[in-house]
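Note that the structure is predicted; figures quoted are calculated from it, not measured.
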Amino acid sequence: MNDSVVKLFCKKVGKKLRCMPDTKQALLQGLIDELSERPHPDTASIAAIESNIGTVDQVADALQATVPPEEMQRVAIRNRQRTILIVGAIILFSLLMLFLAIFIFCNGPFYVVETIQEA
């Protein structure tokens with residue numbers, strides 16, 4: 001077995017999976033175990049693995065089908081909450097910078113100098 005090729009293939013499959021981290025780890029460990037049992041020529045390259053068990057997308061879809069819908073819903077909610085948190089932090093930071101700029105401009109060392117020109 002070629003460990004680096006198997007791990008690279010599993011990493012690509014893992015990027016496609018949408019589930020909780022512990023479930024993803026268990027699914028990928030099962031895939032690693034399955035590929036470990038195969039003879040060396042079957043795992044010599046990613047192309048050899050794909051010709052034997054399917055492409056990365058096909059394997060990811062097959063593994064994703066084993067994930068319960070409730071878990072996929074929890075992942076979607078978690079991702080939505082994370083997105084809302086990040087957007088809120090960006091908005092808060094932008095407002096803070098705006099207020100800081102207004103404060104510095106209003107209270108900073110800016111002087112109004114009046115010049116009178118005689119014609």
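A distance of 7.5 Å separates CZ in Phe9 from OG1 in Thr55, rounded to the nearest 0.5 Å. Rounding to the nearest 0.5 Å places CG of Leu63 at 9.0 Å from SG of Cys10. Residue Ile102 holds its CD1 atom at 4.0 Å from CG of Leu98, rounded to the nearest 0.5 Å.
Annotation: side-chain hydrogen bond (donor to acceptor under 3.5 Å, both in side chains) contacts of Lys16 (sequence neighbours excluded): Asp57. Qualifying side-chain hydrogen bond (donor to acceptor under 3.5 Å, both in side chains) partners for Ser94, counting only residues two or more places apart in sequence or in other chains: none. With sequence neighbours excluded, the residues that form a side-chain hydrogen bond (donor to acceptor under 3.5 Å, both in side chains) with Asn52 are Asp42.
Nearest heavy-atom pair, Gln64 versus Met72, reported as atom, atom and distance to 0.1 Å: NE2-SD, 3.3 Å.
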Atom pairs and distances, side-chain donor-acceptor, residues 22-35, under 3.5 Å, sequence neighbours left out:
{"residue": "Thr23", "atom": "OG1", "partner": "Glu71", "partner atom": "OE1", "Å": "3.2"}
{"residue": "Thr23", "atom": "OG1", "partner": "Glu71", "partner atom": "OE2", "Å": "2.7"}
{"residue": "Lys24", "atom": "NZ", "partner": "Gly14", "partner atom": "O", "Å": "3.2"}
{"residue": "Gln29", "atom": "NE2", "partner": "Asp33", "partner atom": "OD1", "Å": "3.1"}

Let me have the donor-acceptor pairs involving side chains of residues 80-91, under 3.5 Å, with sequence neighbours excluded, atom names and distances please.
{"residue": "Thr83", "atom": "OG1", "partner": "Asn79", "partner atom": "O", "Å": "2.9"}

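The one candidate from Glu50, Lys15, Lys11 that meets the side chain to side chain contact (heavy atoms under 4.5 Å, CB included) condition with Val56 is Glu50.
Residue Val75 shares its hydrophobic cluster (ILVMFWY side chains chained together at separations under 4.5 Å) with Met20.
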**Leu96 and Leu92: CA distance, side-chain angles, deciding distance, side-chain contact (heavy atoms from CB on, under 4.5 Å) verdict** = CA-CA 6 Å; Leu96 180 66; Leu92 183 65; 5.7 Å; no

